[in-house]
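Below is one structure, written out as structure tokens, with a few remarks after it.
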Amino acid sequence: MACCTQRVSSDSIGDRRCAACGIRRQRSHRSGDGWQEFTVRAILENPRYTGYAVFGRWSKHEELLDPDDVAAGHVVRFKRANQDRIVRSRRSSPNV
């Protein structure tokens, strides 16, 4: 990243890095080899990208941590809903 460092003549500004260096540092956890197959598949299968509104794909379930001790609290888990519970708009919207 040092190759992108540019020294500015004014001492009050100091060193500056180009935008690409900052983005690379922020995304250092990514491999950089492009889109993964499962990511592309998830995007293409998402009806929102085709303009349809979909409701009820996930259902929320609260489970007790300890059924014998209610005061211990609960955990919220999301599970995929059955196909017959999912509602999809009839027409696509060009504004989505």
Side-chain angles (χ1 to χ4, degrees):
M1 312 253 186
C3 63
C4 294
T5 303
Q6 299 172 352
R7 184 74 181 157
V8 179
S9 60
S10 171
D11 290 334
S12 63
I13 297 175
D15 288 339
R16 295 222 174 186
R17 296 188 184 275
C18 68
C21 282
I23 291 171
R24 269 187 248 126
R25 273 197 317 269
Q26 290 173 354
R27 299 180 181 159
S28 62
H29 62 282
R30 295 187 183 172
S31 62
D33 59 352
W35 292 86
Q36 301 297 318
E37 180 183 341
F38 63 89
T39 305
V40 175
R41 184 182 314 132
I43 291 170
L44 294 175
E45 289 177 351
N46 187 344
R48 292 294 289 172
Y49 286 100
T50 58
Y52 290 94
V54 179
F55 302 96
R57 290 174 71 185
W58 296 91
S59 60
K60 179 178 167 181
H61 297 278
E62 295 182 5
E63 299 174 0
L64 290 173
L65 289 172
D66 183 7
D68 296 329
D69 183 15
V70 179
H74 63 276
V75 177
V76 176
R77 300 191 194 277
F78 289 90
K79 298 180 182 178
R80 283 196 181 272
N82 294 332
Q83 286 294 99
D84 59 335
R85 305 281 300 166
I86 298 174
V87 178
R88 180 178 170 188
S89 63
R90 294 184 181 156
R91 295 183 309 174
S92 66
S93 171
N95 298 330
V96 177

Would W35 end up clustered with L44 when hydrophobic side chains under 4.5 Å apart are linked, directly or stepwise?
yes

Please round to the nearest 0.5 Å and tell me the distance separating atom NZ of K79 and atom CH2 of W58.
11.5 Å

Is it the case that atom CD in E37 sees more than 12 heavy atoms from other parts of the structure closer than 6.0 Å?
no

How about E63: does its CD atom have over 12 heavy atoms from other parts shown lying under 6.0 Å from it?
yes

Can you tell me if N82 uses its side chain to pair, donor with acceptor, with the backbone of D84 under 3.5 Å?
no

How long is the straight-line distance from CZ of R80 back to CD of Q83, given to the nearest 0.5 Å?
9.0 Å

Residue pair G56 / A81: nearest heavy atoms and the distance that separates them:
O-CB, 3.1 Å

To the nearest 0.5 Å, what is the distance between OH (Y52) and CZ (R90)?
12.5 Å

Side chains of F78 and H61, heavy atoms from C-beta outward: is any pair under 4.5 Å?
no

V54 and Y49: same hydrophobic cluster, using ILVMFWY side-chain contacts below 4.5 Å?
no

Looking at every heavy atom in both R48 and A53, which two are closest together, and how far apart are they?
NH1-CA, 3.5 Å

